[in-house]
Amino acid sequence: MAPRTRPYRSVLYIPGSKPRALDKARSLAIDAIIFDLEDAVSYDEKDAARATLASALAAGGYGERLKIVRINGLDTKWGRADAEAAAQMECDAVLLPKVSSAADIDELSEITGDLPIWAMMETPLGMLNAVEISGHPRLEGLVMGTNDLAKELHVRFRPDRLPLMSGLGLCLLAAKAHGKVIVDGVYNAFKDQDGLKEECEQGRDMGFDGKTLIHPSQVEIANETFAPSQDEQDLARRQIDAFEAAKAEGQGVAVVDGKIVENLHVETAREILAKADAIAALAG
């Protein structure tokens, strides 16, 4: 499936050191998994976590879920060993933390070869270099690291995320300009379902493809929010039908519900239906 239609609604972090969590992920209705060797793994478990994760991935059972391995930074004592191990794992991509420039992607690709790369966007320099990072030919997707970004910016957490909007917007523009996937940062209060829904809706409306999650209880809301609703699908079909009918009569525009429908609206409508089909296929 093409990146614009493949579902990325729910992207769940799973500690690479926890066999029970690795097993549970096989049964969760998630679109993608970030198998974490970085923040979720303590210093004294780093080496063992590589072997634990490699074994779980080799055993399989994750279906069509995208399997992404987040390594430690290459400037740490674990990063290179993580990258070398990830290159041999049964995964779909490797995620590099704290990417600040395209040179970071170059350095990782020298180790991981043809394995697709994702970038954690969580530093001020990363925000300013988002265009060159997104344009790297080896890069497949961007993951917003809003907790680290907030720490680096010394901002306060607000429900509207206003202090983070400049960074979020820069990364969104860069990702869309280069046709790359981009998923929103985590919502820390995992028991606050209403707050999660509001932030998912904000991210969806901004243009994010989905949301990173820290707990299985957040999956249902993310999946629902980032999926085309039935009303959106119905409208998309009516727009396509009306435009095709108008085109058959030699007209360049149609009208649906009192609103003009042009070719650009039809392209969006087709993307909505393709995404809905992709979600249904993944669920099947």
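Keep in mind that the numbers below use all heavy atoms, side chains included, and drop hydrogens, waters and symmetry copies.
- Counting only distance, with no hydrogens or angles, the side chain of Glu38 and the backbone of Pro97 share no donor-acceptor pair below 3.5 Å.
- To the nearest 0.5 Å, the span separating CG on Leu66 from CD1 on Ile68 amounts to 4.5 Å.
- Under the 3.5 Å distance criterion, with hydrogens and angles disregarded, no donor-acceptor pair is assigned to the side chains of Asp231 and Ser229.
- Considering every non-hydrogen atom in both Arg161 and Asp184, the closest pair reads NH2-OD2, 2.7 Å.
- Note on ring orientation: taking the six-membered ring where Trp is involved, the planes of Tyr8 and Trp118 are tilted (angle from 30° to 60°).
- Contact annotation: the side chain of His215 never approaches that of Tyr13 to less than 4.5 Å [non-hydrogen atoms, C-beta and beyond].
- A salt bridge does not link Glu140 to Lys180: none of the charged side-chain nitrogens sits closer than 4.0 Å to a carboxylate oxygen.
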Pair Asn129-Ser101, side chain to side chain donor-acceptor pair (under 3.5 Å): steps then yes or no: CA-CA 6 Å; Asn129 290 332; Ser101 71; 5.5 Å; no
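- Here the closest heavy-atom approach between residue Gly60 and residue Arg26 is recorded as O-NE, 2.6 Å.
- A salt bridge links Arg237 with Asp234; the closest basic N to acidic carboxylate O contact falls under 4.0 Å.
- A salt bridge is defined here as a Lys NZ or Arg NE, NH1 or NH2 lying under 4.0 Å from an Asp or Glu carboxylate O, and Arg158 with Asp160 meets this definition.
- At a threshold of 4.5 Å between side-chain heavy atoms, the hydrophobic network of Ile, Leu, Val, Met, Phe, Trp and Tyr places Val131 and Leu142 in two separate groups.
- Side-chain N/O atoms of Ser17 and Thr52 include no donor and acceptor closer than 3.5 Å.
- Between Pro124 and Glu152, the shortest heavy-atom distance links the atoms CD-CB, 3.6 Å.
- Annotation: Glu224, atom CD; neighbour count of heavy atoms from other residues, nucleotides and ligands within 6.0 Å does not exceed 12.
- A donor-acceptor pair is defined here as one N or O able to donate and one able to accept, closer than 3.5 Å; no such pair exists between the side chain of Lys98 and the backbone of Gly126.
- By the 6.0 Å contact criterion, CG on Asp205 is enclosed, its count of non-hydrogen atoms from other residues, nucleotides or ligands being greater than 12.
- Although no hydrogens or angles enter the test, the distance criterion places no donor-acceptor pair under 3.5 Å between the side chain of Gln239 and the main chain of Val266.
- The cluster map of Ile, Leu, Val, Met, Phe, Trp and Tyr, joined by side-chain heavy atoms under 4.5 Å apart, puts Val69 and Leu96 in the same cluster.
- With hydrogens and angles disregarded, a donor-acceptor distance shorter than 3.5 Å links the side chain of Asp82 to the backbone of Asn72.
- Counted within 6.0 Å of CD on Glu220, heavy atoms from surrounding residues, nucleotides or ligands total 12 or fewer; the atom is thus considered open.
- Proximity of Thr123 to Asp148: side-chain heavy atoms (C-beta onward) are nowhere separated by under 4.5 Å.
- With hydrogens and angles disregarded, a donor-acceptor distance shorter than 3.5 Å links the side chain of Gln218 to the backbone of Ile214.
- In this structure, CD on Glu84 lies 11.5 Å from CE on Met89, to the nearest 0.5 angstrom.
- Here the straight-line distance linking atom CG of Leu139 with atom NE2 of His178 works out to 10.0 Å at 0.5 Å rounding.
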Worked verdict on Leu57 versus Phe35 for side chain to side chain contact (heavy atoms under 4.5 Å, CB included): CA-CA 10 Å; Leu57 288 171; Phe35 297 98; 3.7 Å; yes
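- Other residues, nucleotides and ligands place more than 12 heavy atoms under 6.0 Å from the CG atom of Asp44.
- Linking Ile, Leu, Val, Met, Phe, Trp and Tyr whenever their side-chain heavy atoms come within less than 4.5 Å leaves Leu95 and Leu12 in two separate clusters.
- Taking 4.5 Å as the limit, every side-chain heavy atom of Met144 sits out of range of all side-chain heavy atoms of Val183.
- Taking all atoms of both residues into account, the shortest heavy-atom contact from Pro15 to Ala21 is CD-CB, 4.3 Å.
- Checked for salt-bridge contact, Lys211 and Glu199 meet the test: a charged N lies under 4.0 Å from a carboxylate O.
- Ala86 and Val94 make their closest contact through CB-CG2, 4.3 Å (heavy atoms, listed as atom of the first residue, atom of the second, distance).
- By the 4.0 Å N-to-carboxylate-O rule, Arg270 lies close enough to Glu244 to be salt-bridged with it.
- Ile71 and Ile111 fall within the same hydrophobic cluster, where Ile, Leu, Val, Met, Phe, Trp and Tyr residues are linked whenever their side-chain heavy atoms come under 4.5 Å apart, directly or through other members.
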CA sep, side-chain torsions, deciding dist, call: Asn188, Asn147, side chain to side chain contact (heavy atoms under 4.5 Å, CB included): CA-CA 9 Å; Asn188 296 314; Asn147 282 332; 2.9 Å; yes
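- Put simply, the side chain of Asp104 gets close to the backbone of Ser100: a donor and an acceptor are under 3.5 Å apart.
- Distance alone, capped at 3.5 Å, places no donor-acceptor pair between the Thr225 side chain and the Ala222 backbone.
- Using a 4.5 Å heavy-atom threshold, the side chains of Val155 and Leu149 count as separate.
- Ionic pairing of Glu271 and Lys275 is not present here: no N-O contact between side-chain nitrogen and carboxylate oxygen is shorter than 4.0 angstrom.
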Worked verdict on Val255 versus Phe243 for side chain to side chain contact (heavy atoms under 4.5 Å, CB included): CA-CA 8 Å; Val255 178; Phe243 186 78; over 6 Å; no
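- Remark: Arg70 engages Asp39 in a salt bridge, criterion side-chain N to carboxylate O under 4.0 Å.
- You'll find the side chain of Met127 reaches within 4.5 Å of the side chain of Met121, heavy atoms only.
- Under the 3.5 Å distance criterion, the side-chain polar atoms of Ser10 are matched with a main-chain donor or acceptor of Asp31.
- Considering only heavy atoms from C-beta on, Asp257 comes within 4.5 Å of Leu235 through its side chain.
- How far CZ of Arg50 is from CG of Asp47: 4.5 Å, rounded to the nearest 0.5 Å.
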Test log, rule side chain to side chain contact (heavy atoms under 4.5 Å, CB included), inputs Leu53 and Leu37: CA-CA 9 Å; Leu53 177 56; Leu37 296 175; 4.0 Å; yes
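- Put simply, the side chain of Lys191 never gets that close to the backbone of Ser217: no donor and acceptor are under 3.5 Å apart.
- Atom CG in Asp23 sits 15.0 Å away from atom NZ in Lys18 (nearest 0.5 Å).
- Distance check, rounded to the nearest 0.5 Å: OG1 of Thr146 to CG of Leu164 gives 6.5 Å.
- No side-chain heavy atom of Arg9 sits under 4.5 Å from any side-chain heavy atom of Ile30.
- Cluster membership for Ile33 and Ile279, using ILVMFWY side-chain heavy atoms within less than 4.5 angstrom, is not shared.
- Residues Pro163 and Leu153 form no side-chain contact, since every pair of their non-hydrogen atoms from C-beta on lies 4.5 Å or further apart.
- Judged by distance alone, the side chain of His265 and the main-chain N or O of Glu262 form a donor-acceptor pair under 3.5 Å.
- Between Leu213 and Val219, the closest heavy-atom pair is CD1-CA, 3.7 Å.
- Geometrically, Arg204 does not engage Phe208 in a cation-pi contact, judged by NZ or CZ lying under 6.0 Å from the ring centre and within 45° of the ring axis.
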